[in-house]
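Heads up, the thing below is written out as structure tokens.
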Amino acid sequence: MNRETLINHVAKTTRDMWDRGWAEANGGNVSLRLNDEQNAAFAGLQGQSEWIQLSVEAPSLQGERFIFTGTGRYLRNVEIAPERNIGLIELNNNGTAYRILWGFEPNGRPTSELAAHLLSHATIKDSTNNYAHAVIHTHTPSIIALTYAFADLSTAKLTALLWRMHAECVVVFPKGVEFLPWMMAGSDDLGQATAAALRQRTLVVWEQHGIVGTGRNLDEAFGRIYVAEKAAEIYLACAAAGGVKKTLTDAQLQAIAGNFRCNWEPSLLAGWPGV
Ligand SMILES: [Zn+2]
């Protein structure tokens with residue numbers, strides 16, 4: 001993989017987010033922790049900024065490099081000017097500061113959700129044994145609508161609802177979706193809560209705001225978000241068409257999970273019995 005291929009893949013992901021209505025204005029942000037091959041594609045770069053102190057510490061990410069989308073930048077513009085709208089950063093030797101190696105031209109910075117992304121990367125690097133490298137945060141309208149439509153949403157209720165409304169869900173996110181009550185965007189509290197949730201889950205919903213998805217690469221993180229959003233769309237379409245008349249049963253979901261050998265959490269099914 002060369003540098004251009006990687007940048008094009010990031011641009012394809014952000015363009016897809018825009019096309020689906022998930023990234024209005026400067027909404028949404030993406031980060032990718034580079035693997036060895038991707039790091040080789042960006043070899044030989046010099047620091048383009050001073051070391052900038054982080055608001056959180058991520059010692060397990062020492063020396064790691066990441067592609068990030070820029071703060072205030074529009075994801076729909078990454079494909080026409082990647083050097084302005086995304087950038088490459090490197091963490092220092094104890095994970096307390098970063099510097100820019102490429103991009104964010106002329107005087108940009110990574111996303112304001114930098115803390116949430118880095119804490120999430122620290123968790124998933126550890127919890128997936130270095131498998132997961134991608135974190136996407138975006139504003140999926142149907143998932144967000146569910147957080148307004150129910151007064152009593154919980155991790156179990158949201159997970160069971162999505163699992164029961166789309167047969168792929170239990171396969172794509174067998175550990176469920178964490179539901180976090182509203183917290184201030186960009187805050188370290190939200191970052192800490194998200195990272196803690198990612199120890200068990202691959203998706204975290206932020207009440208009245210959006211979703212965070214993780215995966216081995218951008219395709220996997222994007223795909224998990226898309227499947228959850230699709231299930232929410234199906235639920236809302238049924239509700240608009242007179243109400244949900246039937247849902248996937250416990251037995252059907254047991255069969256699907258068994259067929260695909262999912263390491264899932266069937267106890268979450270009790271969160272929403274369906275109809
Ligand atoms: Zn957001």
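Along the sequence shown, the residues carry numbers beginning at 1. Excluded from the calculations below are hydrogen atoms, water molecules and symmetry mates; all remaining heavy atoms, backbone and side chain alike, are included. In each ligand, atom 1 is the first atom listed, and ligand 1 is the first ligand listed.
- Take Gln62 and apply the side chain to side chain contact (heavy atoms under 4.5 Å, CB included) test, not counting sequence neighbours, and it matches no residue.
- Using the six-membered ring where Trp is involved, Trp206 and His209 have ring planes that are perpendicular, over 60° apart on the 30 and 60° scheme.
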Please report, to 0.1 Å, the donor-acceptor pairs under 3.5 Å made by any side chain of residues 21-35, with sequence neighbours excluded.
{"residue": "Glu24", "atom": "OE2", "partner": "His139", "partner atom": "ND1", "Å": "2.7"}
{"residue": "Asn29", "atom": "OD1", "partner": "His117", "partner atom": "NE2", "Å": "2.7"}
{"residue": "Asn29", "atom": "ND2", "partner": "Thr111", "partner atom": "OG1", "Å": "3.3"}
{"residue": "Ser31", "atom": "OG", "partner": "His117", "partner atom": "ND1", "Å": "2.6"}
{"residue": "Ser31", "atom": "OG", "partner": "His121", "partner atom": "NE2", "Å": "2.7"}
{"residue": "Arg33", "atom": "NH1", "partner": "Glu64", "partner atom": "OE2", "Å": "3.2"}
{"residue": "Arg33", "atom": "NH1", "partner": "Asn130", "partner atom": "OD1", "Å": "3.0"}
{"residue": "Arg33", "atom": "NH2", "partner": "Asn130", "partner atom": "OD1", "Å": "2.7"}
{"residue": "Arg33", "atom": "NH2", "partner": "Ala132", "partner atom": "O", "Å": "3.2"}
{"residue": "Asn35", "atom": "OD1", "partner": "Glu37", "partner atom": "N", "Å": "3.2"}
{"residue": "Asn35", "atom": "OD1", "partner": "Gln38", "partner atom": "N", "Å": "2.8"}

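- Counting only protein N, O or S atoms, the number found under 2.8 Å from the Zn ion (ligand 1) is 3.
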Show the atom names and distances, to 0.1 Å, of all donor-acceptor pairs under 3.5 Å that link a side chain in residues 218-237 to residues at least two apart or in another chain.
{"residue": "Glu220", "atom": "OE1", "partner": "Tyr131", "partner atom": "OH", "Å": "3.3"}
{"residue": "Glu220", "atom": "OE1", "partner": "Arg216", "partner atom": "N", "Å": "2.7"}
{"residue": "Glu220", "atom": "OE2", "partner": "Tyr131", "partner atom": "OH", "Å": "3.2"}
{"residue": "Arg224", "atom": "NH1", "partner": "Thr214", "partner atom": "O", "Å": "2.8"}
{"residue": "Tyr226", "atom": "OH", "partner": "Arg20", "partner atom": "NE", "Å": "3.3"}
{"residue": "Glu229", "atom": "OE1", "partner": "Ser142", "partner atom": "N", "Å": "3.4"}
{"residue": "Glu229", "atom": "OE1", "partner": "Ile143", "partner atom": "N", "Å": "2.9"}
{"residue": "Glu229", "atom": "OE2", "partner": "Ser142", "partner atom": "N", "Å": "2.9"}
{"residue": "Glu229", "atom": "OE2", "partner": "Ser142", "partner atom": "OG", "Å": "3.4"}

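- Open room surrounds CG on Asn107; 12 or fewer heavy atoms of other groups in view lie less than 6.0 Å from it.
- The backbone N or O of Arg109 sits nowhere less than 3.5 Å from a side-chain atom of Thr71 that would complete a donor-acceptor pair.
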